[in-house]
Amino acid sequence: MPMNQHFRIAQLLKTQPLSQTVEIRGWVRTRRDSKGFSFLEVNDGSCVANLQVIAEESLPHYEEEILRLTTGCSVRISGGLAASPAKGQAVELKAAEVEVYGWADPETYPLQKKRHSFEFLREITHLRPRTNSLGAVARLRSALSFGVHRFFQEQGFQYIHTPIITTSDCEGAGEMFTVTTLDLNNIPRKDDRPDFGKDFFGRQASLTVSGQLEAEIYCLALGSVYTFGPTFRAENSHTSRHLAEFWMIEPEMAFCDLAEDMRMAEAFIKYLVQYALDHCPEEIELFGNFVDKGLKARLAAVLAQDFARITYSEAIDRLKSCGKAFAFPVAWGTDLQSEHERYLCEEVFKRPLIVSDYPKSIKPFYMRVNDDNATVAAMDILVPGIGEIIGGSQREERCDRLISRLAELGLNQKDYEWYLDLRRYGTVPHAGFGLGFERLIQFVSGMANIREVIPFPRTPGSAAL
RNA sequence: UCCUGGGUAGCUCAGUCGGUAGAGCAGGUGACUGUUAAUCACCCUGUCGGGGGUUCGAAUCCCUCCCCGGGAGCCA
């Protein structure tokens with residue numbers, strides 16, 4: 001029994017302490033009346049299942065209170081747990097006492113005893129976790145968060161808190177949100193531009209788009225590290241897989257090359273899928289039944305097979321020779337388009353796919369240049385239905401190569417001196433990747449829209465609560 | 001930002017050729033019932049996204065604005 005003196009329904013259903021007096025606290029999902037008594041379905045958020053409560057008419061306030069209970073009312077109920085005589089549940093609670101904490105006027109309470117569209121539920125951000133599906137997502141998210149930490153802790157990684165407010169731009173990651181305390185009605189200017197010298201930090205600061213560069217610092221001191229925190233992109237993206245605020249996991253490993261990076265990433269995803277199946281079987285069952293019929297088979301397939309692997313150059317050859325007409329032309333040196341990735345991942349390989357060794361011209365400065373001097377040691381992991389879920393690379397550890405890459409890309413070396421120091425002093429081969437946590441939850445749950453897998457989605461034009 | 005589909009009852013939607021609106025679910029009342037998406041009967045609910053225009057007459061046609069979904073780009 002937990003410290004707060006009442007049973008959680010999840011535990012109750014698991015242990016089934018028959019003929020004991022127990023007390024539950026939760027919210028009424030539905031009420032059905034029968035001759036002489038009522039059935040109450042109570043959910044306390046601990047699991048998908050409700051507990052069926054039998055409330056006899058002999059209970060005090062039966063007419064005035066119990067017969068008025070509707071979806072959403074909060075209650076405390078104590079009584080004896082008994083085997084249920086009817087099908088549908090193993091046990092039920094014979095109420096001896098029912099106390100109503102709060103009513104929920106059925107005329108105005110938005111949640112009804114029926115299925116709602118996810119679009120509608122998005123409009124009631126503050127009530128949607130009370131539904132079966134969004135509650136299940138919340139539990140899955142919590143479990144997977146813990147699973148992330150467990151994986152890395154088991155592997156000897158250290159958890160690093162990289163800054164949320166940053167003054168370094170992880171080039172190529174996307175548009176940044178500026179953090180400022182300047183008076184927006186009267187912005188000080190210098191040389192016809194805002195004078196960030198007068199701002200809070202004495203320079204322009206932003207919300208982080210990636211903790212990678214900072215994680216490298218600790219990687220090159222502690223060996224293997226990871227970050228897990230909020231990340232912000234000010235892109236005007238209107239899709240089912242982009243958020244302006246999302247959570248990213250970024251491991252960074254010293255003495256590690258791209259091959260090992262890919263092995264680690266594959267093992268990580270498989271670990272989390274297995275973790276979800278082990279710790280959230282009822283939630284996965286629910287998603288499989290109501291959200292995505294093919295979910296369970298797909299997750300099983302992910303665990304059973306190795307991820308497919310292909311280099312960028314091989315991918316280009318494959319796309320060119322497949323005879324399929326694409327809206328965007330296929331040419332070496334240009335980025336793979338969504339349709340190309342989907343074709344390879346969903347039609348050719350039909351499983352997660354790792355594409356590696358992209359042209360250096362389309363990748364950021366920090367990726368390690370391969371011996372061909374044309375490609376870099378980068379990799380993306382694509383999964384069916386979602387697309388890119390991981391992007392990673394071996395980092396350029398050779399100081400002279402890094403300096404020439406900065407110059408090639410027209411970046412100011414002065415801004416990266418600290419980063420270059422990591423190569424000047426005791427440099428080591430190292431690699432890492434970034435996993436979009438919400439995309440992972442989408443993949444594991446089958447939820448089609450990323451706005452359903454984060455409690456409070458932030459997208460262009462929308463930041464409720 | 002571009003392409004595309006939408007906005008009608010609390011929710012999900014239908015609405016023909018332009019003639020001021022309907023179903024299912026939810027809700028209310030009653031009946032029945034160890035029920036479990038309960039069942040049956042009856043009842044209630046509308047600024048048809050906003051504004052403008054065409055017309056005798058607009059949910060329907062035209063213009064415009066707002067909002068939402070899906071796709072693309074960008075990426076995780």
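Residue numbers start from 1 in every chain, and the chains themselves are labelled A, B, ... in the order their sequence lines are given, proteins ahead of strands.
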Step-by-step ring-ring contact (aromatic ring centres under 6.0 Å, His included) determination, A:His149 to A:Phe151
CA-CA 5 Å; A:His149 286 295; A:Phe151 175 83; over 10 Å; no
Can you see if the side chain of [X] gets near the phosphate of [N] - specifically, an N or O under 4.0 Å from OP1 or OP2?
{"X": "A:Lys113", "N": "B:A38", "result": "yes"}
{"X": "A:Arg122", "N": "B:G69", "result": "yes"}
{"X": "A:Ser34", "N": "B:G34", "result": "yes"}
{"X": "A:Asn236", "N": "B:G73", "result": "no"}
{"X": "A:Gln112", "N": "B:G27", "result": "no"}
{"X": "A:Arg32", "N": "B:A38", "result": "yes"}
{"X": "A:Ser240", "N": "B:G71", "result": "yes"}
{"X": "A:Ser117", "N": "B:U12", "result": "yes"}
{"X": "A:Arg451", "N": "B:G70", "result": "yes"}

Rounded off to whole Å, could you give me the [atom1]-to-[atom2] distance for the [X] and [N] pair?
{"X": "A:Asn449", "N": "B:C68", "atom1": "CG", "atom2": "P", "result": "13 Å"}
{"X": "A:Arg342", "N": "B:G73", "atom1": "CZ", "atom2": "P", "result": "10 Å"}
{"X": "A:Lys114", "N": "B:C13", "atom1": "NZ", "atom2": "P", "result": "9 Å"}
{"X": "A:Arg29", "N": "B:A26", "atom1": "CZ", "atom2": "C1'", "result": "16 Å"}
{"X": "A:Leu93", "N": "B:U35", "atom1": "CG", "atom2": "P", "result": "19 Å"}
{"X": "A:Asp33", "N": "B:U29", "atom1": "CG", "atom2": "P", "result": "11 Å"}
{"X": "A:Leu111", "N": "B:C25", "atom1": "CG", "atom2": "C1'", "result": "15 Å"}
{"X": "A:Glu346", "N": "B:G71", "atom1": "CD", "atom2": "P", "result": "12 Å"}

When we call it a touch if two heavy atoms are under 4.0 Å apart, what does [X] touch: a base, just sugar-phosphate, or nothing?
{"X": "A:Phe39", "answer": "base"}
{"X": "A:Phe437", "answer": "nothing"}
{"X": "A:Arg241", "answer": "base"}
{"X": "A:His116", "answer": "sugar-phosphate"}
{"X": "A:Glu92", "answer": "base"}
{"X": "A:Ile249", "answer": "nothing"}
{"X": "A:Thr71", "answer": "nothing"}
{"X": "A:Ile390", "answer": "sugar-phosphate"}
{"X": "A:Glu339", "answer": "nothing"}
{"X": "A:Asn50", "answer": "nothing"}
{"X": "A:Ser84", "answer": "base"}
{"X": "A:Gln89", "answer": "base"}

What nucleotide, of [options], holds the atom closest to the side chain of [X]?
{"X": "A:Phe120", "options": "B:U12, B:G28, B:G73", "result": "B:U12"}
{"X": "A:Arg439", "options": "B:G73, B:A76, B:U33", "result": "B:A76"}
{"X": "A:Arg233", "options": "B:A76, B:G73, B:G28", "result": "B:A76"}

Using heavy-atom distances to pick each residue's nearest nucleotide on RNA chain B, tell me which of A:Asp380 and A:Pro460 is more 5'.
A:Pro460
Using a cutoff of under 3.5 Å, can you pull out all pairs of nitrogen or oxygen atoms linking the protein to nucleotides 41-47 of chain B, with atom names and distances?
none

Is the ring pair A:His161/A:Tyr159 parallel, tilted or perpendicular, if the boundaries are 30 and 60 degrees?
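Aromatic pair A:His161/A:Tyr159 classed perpendicular.
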Should the ring pair A:Tyr312 and A:Tyr358 be called parallel, tilted or perpendicular, given that the plane angle runs from 0 to 90° and is split at 30 and 60?
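Aromatic pair A:Tyr312/A:Tyr358 classed tilted.
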Flag for [Y]-[X]: side-chain donor and acceptor within less than 3.5 Å:
{"X": "A:Ser84", "Y": "A:Glu92", "answer": "yes"}
{"X": "A:Gln337", "Y": "A:His340", "answer": "no"}
{"X": "A:Arg395", "Y": "A:Tyr419", "answer": "no"}

Find the partner of [N]: check Watson-Crick (N1-N3 plus N6-O4 or O6-N4) and G-U wobble (N1-O2, O6-N3) distances, both under 3.5 Å, and reply none if neither fits.
{"N": "B:C42", "result": "B:G28"}
{"N": "B:U1", "result": "B:A72"}
{"N": "B:U47", "result": "none"}

Report yes if the distance between the aromatic ring centroids of A:Phe365 and A:Tyr416 is under 6.0 Å, otherwise no.
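Yes, the ring centres sit under 6.0 Å apart.
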What are the two closest heavy atoms between A:Arg241 and A:Ile386, and how far apart are they?
CD-O, 3.3 Å
ring centroid sep under 5.5 Å plus plane angle under 30, A:Phe246 with B:A76:
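Stack criterion met.
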